[in-house]
Amino acid sequence: MKRIVVLVSGRGSNMQAIVQRCADDGWPAAVVAVLANRPDAQGLEFARQRGIATAVVDHKLFAAREEFDAALARAIDGFSPDLVVLAGFMRILGAAFVRHYEGRLLNIHPSLLPAFAGLHTHRRALAAGCKAVGASVHFVTPELDHGPIVIQSVVPVRPGDDEERLAARVLATEHIIYPLAVRWFVEDKLELAGDLVRQRDGASQVLM
Ligand code: NHR
Ligand code: GAR
């Protein structure tokens, strides 16, 4: 049984999708804890209702980023995870933290990386006149949103789209590709070779 720890900052809908697929589809894994950097993260309530352990490491209580990172890592390691999943987690993590979880730390970013790393991706994609956008699941490396890509979804931009409508269309695909990526990880179907990720069965790594 692989042990998964999920980090959230807010709503936690990606976390919920992973918890649900894991339970419903009988993965050789369990989400053993949901951690947040904000005490008011709504995702925590869902976890509590499901009987999943929760913890808060409030970044506002730390003077330096490295101190927050260290406290977060201590909290995570208390659950002995095989995989750590960032699901709408909104704090940039330092190199020491990232290296500690190298090869077992995943993130979902709401853009077709390497385009639009960082924040406000949908707004920037609309401003750039993009006709297609999407989401990317990637292994986390010290450089923000630049790690090896596991799977991407491609979503059309439609006339009249605003940030909210586009975000909702992309989010619906996140709820498909993130559980799939986590499933591949816990079933040992992912092979990391330098900057590239191969799915061992040759399954499609793009959702169109
Ligand atoms: N850390 C590293 N080292 N590498 C990545 O790829 C990371 C990461 C931490 C978080 C998620 C993320 C995203 O997918 C993520 C990927 C927050 C910010 C940010 O600027 C940027 C990217 C991501 C998450 N955060 C502000 C900060 O100062 C705070 C913003 C806020 O609190 O609302 O940390 O895009
Ligand atoms: C998702 O769209 C996720 O891709 C994005 O925030 C949303 C979180 O939703 N992540 C980032 O923007 C990271 N910078 P959720 O809390 O309902 O999963």
Side-chain angles (χ1 to χ4, degrees), residues 4-21 31 34-47 54 56-70 72-73 76 84-125 133-155 163-182 195 197 207:
I4 304 170
V5 169
V6 185
L7 307 191
V8 302
S9 293
R11 182 176 54 190
S13 70
N14 276 293
M15 175 272 293
Q16 295 184 28
I18 290 165
V19 167
Q20 257 146 15
R21 291 256 69 81
V31 175
V34 173
L35 273 58
N37 65 307
R38 300 172 58 108
D40 60 351
Q42 302 107 278
L44 292 170
E45 192 45 44
F46 172 88
T54 62
V56 174
V57 182
D58 185 347
H59 66 274
K60 294 201 181 98
L61 303 180
F62 298 87
R65 280 184 181 265
E66 300 72 42
E67 291 167 24
F68 166 70
D69 284 4
L72 184 61
I76 294 169
V84 179
V85 171
L86 307 183
F89 183 74
M90 294 309 290
R91 299 301 296 177
I92 295 174
L93 298 160
F97 180 99
V98 171
R99 269 196 292 271
H100 180 66
Y101 298 103
E102 196 169 2
R104 53 186 179 121
L105 181 57
L106 290 175
N107 178 45
I108 190 156
H109 182 73
S111 82
L112 284 175
L113 292 174
F116 305 117
L119 301 178
H120 311 301
T121 53
H122 305 301
R123 189 187 309 169
R124 289 155 63 205
V133 295
S136 307
V137 178
H138 65 95
F139 282 97
V140 175
T141 59
E143 192 183 350
L144 189 67
D145 293 330
H146 273 75
I149 294 168
V150 176
I151 185 169
Q152 292 183 307
S153 61
V154 181
V155 171
E163 215 178 324
E164 195 186 348
R165 215 165 79 171
L166 192 55
R169 192 175 307 126
V170 172
L171 186 66
T173 70
E174 295 182 40
H175 297 161
I176 299 169
I177 63 170
Y178 212 0
L180 188 55
V182 172
D195 293 338
V197 183
L207 174 74

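Remember, it's 1-based here, ligands and their atoms both numbered in the order they're listed. Given the structure is predicted, the values throughout are model-derived calculations rather than measurements.
With ligand atoms numbered from 1 in the order given, ligand 1 contributes 3 (N) to contacts under 4.0 Å with heavy atoms of Val98. Taking a cut-off of under 4.0 Å to the non-hydrogen atoms of His138, the atoms of ligand 1 that pass are 6 (O). The distance from ligand 1 to the heavy atoms of Val140 drops below 4.0 Å at these ligand atoms: 2 (C), 4 (N), 5 (C), 6 (O). With ligand atoms numbered from 1 in the order given, ligand 1 contributes 14 (O) to contacts under 4.0 Å with heavy atoms of Ile108. Distances below 4.0 Å separate heavy atoms of Pro142 from the following atoms of ligand 1: 3 (N). For ligand 1, the atoms closer than 4.0 angstrom to any heavy atom of Gly118 are 35 (O). Listed by number with element, the atoms of ligand 2 under 4.0 Å from a non-hydrogen atom of Glu174 are 1 (C), 2 (O), 3 (C), 4 (O).
Judged purely by atom type and a 3.5 angstrom limit, Tyr101 uses its side chain to pair as donor or acceptor with the backbone of Ala73. Within the 3.5 Å criterion, the main-chain N or O of Leu144 finds a donor-acceptor partner in the side chain of His146. Between the side chain of Arg124 and the main chain of Ala117, a donor-acceptor pair closer than 3.5 Å is present. Thr173 places no side-chain N or O within donor-acceptor distance of the main-chain N or O of Ser153, the cut-off being under 3.5 Å. In this structure a side-chain-to-backbone donor-acceptor pair under 3.5 Å is missing from Thr54 to Leu44. A donor-acceptor pair under 3.5 Å is absent between the side-chain atoms of Asp69 and the main chain of Leu93, judged by distance alone.
The protein heavy-atom contact nearest to atom 7 (C) of ligand 2 is Arg11 NH2, 4.1 Å. Nearest to atom 24 (C) of ligand 1 among the protein's heavy atoms is Phe89 O, 3.4 Å. Regarding atom 19 (C) of ligand 1, its nearest protein heavy-atom neighbour is Ile92 CG1, 3.6 Å. Atom 3 (N) of ligand 1 has Leu93 O, 2.8 Å as its closest protein atom, hydrogens excluded (heavy atom only). Given atom 6 (O) of ligand 1, the protein heavy atom at minimum distance is Asp145 N, 2.7 Å. In this structure, the protein non-hydrogen atom closest to atom 10 (N) of ligand 2 is Pro110 CD, 3.8 Å. Of the protein's heavy atoms, Leu144 CD1, 3.4 Å lies nearest to atom 7 (C) of ligand 1. Given atom 35 (O) of ligand 1, the protein heavy atom at minimum distance is His109 ND1, 2.7 Å. Nearest protein heavy-atom neighbour of atom 16 (C) of ligand 1: Asn107 ND2, 3.6 Å. Counting protein heavy atoms only, atom 16 (O) of ligand 2 is closest to Gly12 N, 2.8 Å.
In terms of polar-atom proximity, defined here as any N/O pair under 3.5 Å, His109 makes no such contact with ligand 2. Backbone and side-chain nitrogen or oxygen atoms of Met90 are examined, and none is located within less than 3.5 angstrom of a nitrogen or oxygen of ligand 2.
At a threshold of 4.5 Å between non-hydrogen side-chain atoms, the residues Val19 and Val6 do not count as touching. The shortest distance between side-chain heavy atoms of Phe97 and Ile76 falls below 4.5 Å. Ile92 is listed as a side-chain neighbour of Arg65, based on a closest heavy-atom distance under 4.5 Å. Counting heavy atoms from C-beta on, the side chains of Gln20 and Phe46 come closer than 4.5 Å. Residues Val170 and Ser111 fail the side-chain proximity criterion, which asks for heavy atoms closer than 4.5 Å.
Between Thr141 and ligand 1 there is a heavy-atom distance shorter than 4.0 Å. Using 4.0 Å as the threshold, Val8 has no heavy atom nearer than that to any atom of ligand 2. For the ligand labelled ligand 1, residue Gly147 lies outside the 4.0 Å heavy-atom shell.
Between His120, His59, Met90, Arg38, it is Met90 that holds the heavy atom closest to atom 26 (C) of ligand 1. When Gly88, Gly10, Ala167, Ser13 are checked for heavy-atom proximity to atom 15 (P) of ligand 2, Ser13 turns out nearest. The option with the heavy atom closest to atom 9 (C) of ligand 1, from among Arg99, Arg91, Arg65, is Arg91.
Counted by atom type alone, Ser13 and His175 present one or more donor-acceptor pairs between their side chains at under 3.5 Å.
By the 30° and 60° cut-offs, the orientation of the rings of Phe68 relative to Phe89 is parallel.
When heavy-atom distances to ligand 2 are checked against a 4.0 Å cut-off, Asn107 has no atom that comes that close, whether in backbone or side chain. By the criterion of a heavy-atom distance under 4.0 Å, neither the backbone nor the side chain of Ala95 is placed next to ligand 1. Within the 4.0 Å heavy-atom criterion, neither part of Met15 lies near ligand 2.
Taking both residues in full, the closest heavy atoms of Tyr178 and Leu86 are given as OH-O, 2.7 Å, listed atom of the first, atom of the second, then distance. When every heavy atom of Gly134 is checked against every heavy atom of Leu112, the shortest pair comes out as N-CG, 3.8 Å. Summarising the geometry of His138 relative to Gly147, their closest heavy-atom pair is CB-O, 3.6 Å, with the distance given to 0.1 Å.
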